[in-house]
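Working notes, beginning with the structure itself.
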Amino acid sequence: MVGMLSMGAWGACSSAPPGGGDPPDAPVGRSDAAPTADAEASPDAAAPLTARGCFESQFVNGDIDGPDYDQFGPIIGSHCNGTNQQDITGIERVVFVGDSVTVGSPPTSAGDFYRSRLADMLVDRFGLDAPSGLWEQYDPFGGTTVVQSSGDFASCAKWGARTDDLQADNSQLEDCMPTESRLKRTLVVMTMGGNDLSSLTQNAIDGEPATDLWAQTEEFVQHLRDALDWIRAPGRFPNGVFVVFANIYEFTDATADTSACPAASAAGFGDPPPDPAALADMVIWANEQYLKAAVDTGSDMVFMLENFCGHGFHRDDPASPCYRGPGAERWFDDTCIHPNPTGHGKLAEQFFSVIAE
């Protein structure tokens, strides 16, 4: 299942690993993958076109010094749910990859998973053949969907998956996008990285040195970048391919108080990390590099971290950095680390707004 990260304060913007810069040998994005949306806005534009502009008014206690996405020059959607670097049209096939957030998990019912809800939206938007009810269901033994492909949809996401499961250690991408399917104009949707941060957090709690933790962070981010480069490689999808993926969220509303969720100790997060500020720097850097990968490959990223902050287990704490005011709903279920039906519905809306604009 997707993991949790105890972030504490989000730390200074634009963190970097020891030595600075990107992970070693980060691939250069395709020259023909430049953003296609109009980056100019009229003075009367209803929504800001910077990430910071989107977030600065959301929280009662002011803007949070979280990831500095604007350093990479992304095109931000007017909805503020993510970027707007692709003009996604003419989709013939939709592929979901990633972790348990995408598969879906109990106690939420299959029809309420974001994957199921988003599929319904995409059927209407692109005139696709709808998937079956079995495709919406999860297999509790295999941690996948009951059937991989149905209608114009496929899912190779799996409970517990990490970024290396996209290609390096497993083969989610090629399993769901075999050669014979690549003539179809394809949309790839993904949540991935939560289990990597779960492992990172547990290693930090266990006292691993910072240099090893940074190396682990760089490695899992590089796996995500490699997967995007594979999808967007020239000629891979001759009739077009689009990618929309989410960044990485956490359930403490940036407080690092894992005890706020009663089940956190059972998931291995009963003790705080010895240096939460250092761990927060790794989280910030990882999310920044996710955004950079989106810009470099002409893909789009959903701001799941920012949108879910203030809807976790400190949502009613006026001192929380992400406090949104009284009455904010919880979007996480009792496992701490997965969306509840409301959260799944909100995530489906966020993905759809990024796809549709």
Side-chain angles (χ1 to χ4, degrees), residues 1-3 23 25-27 29-30 33 91-105 113-115 118-119 131 134-200 216-248 286 289-290 293-294 296-297 299 301:
M1 294 184 179
V2 66
D25 301 320
R30 289 174 51 200
I91 297 302
E92 299 172 293
R93 187 169 188 261
V94 180
V95 173
F96 289 86
V97 293
D99 53 30
S100 56
V101 174
T102 291
V103 177
S105 58
F113 297 156
Y114 99 82
R115 174 173 56 86
L118 182 58
L134 281 178
W135 181 85
E136 294 183 348
Q137 295 286 340
Y138 64 89
D139 173 2
F141 302 103
T144 61
T145 56
V146 172
V147 295
Q148 177 176 300
S149 297
S150 180
D152 290 323
F153 293 80
S155 173
C156 286
K158 187 174 183 178
W159 292 356
R162 302 184 187 181
T163 58
D164 61 8
D165 288 310
L166 293 170
Q167 287 185 293
D169 284 353
N170 284 296
S171 53
Q172 285 195 20
L173 296 187
E174 294 203 31
D175 288 348
C176 261
M177 293 177 279
T179 303
E180 62 271 19
S181 73
R182 296 175 199 163
L183 291 177
K184 291 187 176 181
R185 195 167 170 90
T186 300
L187 170 63
V188 181
V189 178
M190 171 171 52
T191 62
M192 187 66 98
N195 292 308
D196 296 277
L197 289 189
S198 171
S199 174
L200 183 72
Q216 182 180 351
T217 305
E218 293 178 17
E219 182 178 27
F220 88 73
V221 169
Q222 187 64 48
H223 284 309
L224 184 280
R225 176 58 187 264
D226 290 345
L228 295 177
D229 281 316
W230 183 89
I231 295 169
R232 300 306 298 267
R236 181 87 64 198
F237 292 84
N239 294 309
V241 63
F242 305 90
V243 185
V244 182
F245 64 96
N247 63 2
I248 315 166
Q289 294 304 307
Y290 267 44
D296 288 350
T297 62
S299 306
M301 189 182 84

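All of these numbers come straight from a predicted model, not from anything done at the bench.
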Using the side chain to side chain contact (heavy atoms under 4.5 Å, CB included) rule, take H223 and R162 through it: C-alpha gap first, then chi angles, then the decisive distance, then the call.
CA-CA 9 Å; H223 284 309; R162 302 184 187 181; over 6 Å; no
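- Pairs of residues two or more places apart, or lying in two chains, that qualify as side-chain hydrogen bond (donor to acceptor under 3.5 Å, both in side chains) and include a residue from residues 167-176 are D165-N170, S171-D175.
- A search for side-chain hydrogen bond (donor to acceptor under 3.5 Å, both in side chains) contacts involving S150 returns S132, not counting sequence neighbours.
- Note: N247 CG to T191 OG1 = 11.0 Å, rounded to the nearest 0.5 Å.
- Counting only residues at least two apart or in different chains, disulfide (SG to SG under 2.5 Å) contacts with residues 155-188 comprise C156-C176.
- Atom OG of residue S299 and atom CZ of residue R225 lie 9.0 Å apart, to the nearest 0.5 angstrom.
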For residues 233-246, please give each side-chain donor-acceptor pair under 3.5 Å, one per line with the distance, not counting sequence neighbours.
residue, atom, partner, partner atom, Å
R236, NE, W230, O, 2.9
R236, NH2, W230, O, 3.4
N239, ND2, L183, O, 2.6

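- L134 CG to T145 OG1: the interatomic distance, rounded to the nearest 0.5 Å, is 9.5 Å.
- Closest approach of I231 to V188, counting heavy atoms only: CD1-CG1, 4.2 Å.
- Listed by chain and number, the residues in a side-chain hydrogen bond (donor to acceptor under 3.5 Å, both in side chains) with T163 amount to none (sequence neighbours excluded).
- Contacts of Y114 classified as side-chain hydrogen bond (donor to acceptor under 3.5 Å, both in side chains), with partners at least two apart in sequence or in another chain: T102.
- In plain terms, the two heavy atoms of G98 and A161 that are nearest each other are O-CB, 3.4 Å.
- When every heavy atom of G142 is checked against every heavy atom of K158, the shortest pair comes out as O-CE, 3.2 Å.
- The backbone N or O of D196 sits nowhere less than 3.5 Å from a side-chain atom of S199 that would complete a donor-acceptor pair.
- At least one side-chain heavy atom of R115 sits under 4.5 Å from a side-chain heavy atom of W135.
- For the pair E218 and Q289, the minimum side-chain heavy-atom distance is 4.5 Å or more.
- For the residue pair S100 and W159, the shortest heavy atom distance occurs at CB-CD1, 3.3 Å.
- Taking all atoms of both residues into account, the shortest heavy-atom contact from D99 to G193 is OD2-N, 3.9 Å.
- Residues forming a ring-ring contact (aromatic ring centres under 6.0 Å, His included) with F220 (at least two apart in sequence, or on another chain): none.
- Scored by the side-chain contact (heavy atoms from CB on, under 4.5 Å) test, E92 finds K184, R185 as partners (sequence neighbours excluded).
- Closest of all the heavy-atom pairs between L166 and A227 is CD1-CB, 3.6 Å.
- In terms of the side-chain hydrogen bond (donor to acceptor under 3.5 Å, both in side chains) criterion, Q137 has no residue partners (sequence neighbours excluded).
- In the model, D139 has no side-chain atom that pairs as donor or acceptor with a side-chain atom of T144 under 3.5 Å.
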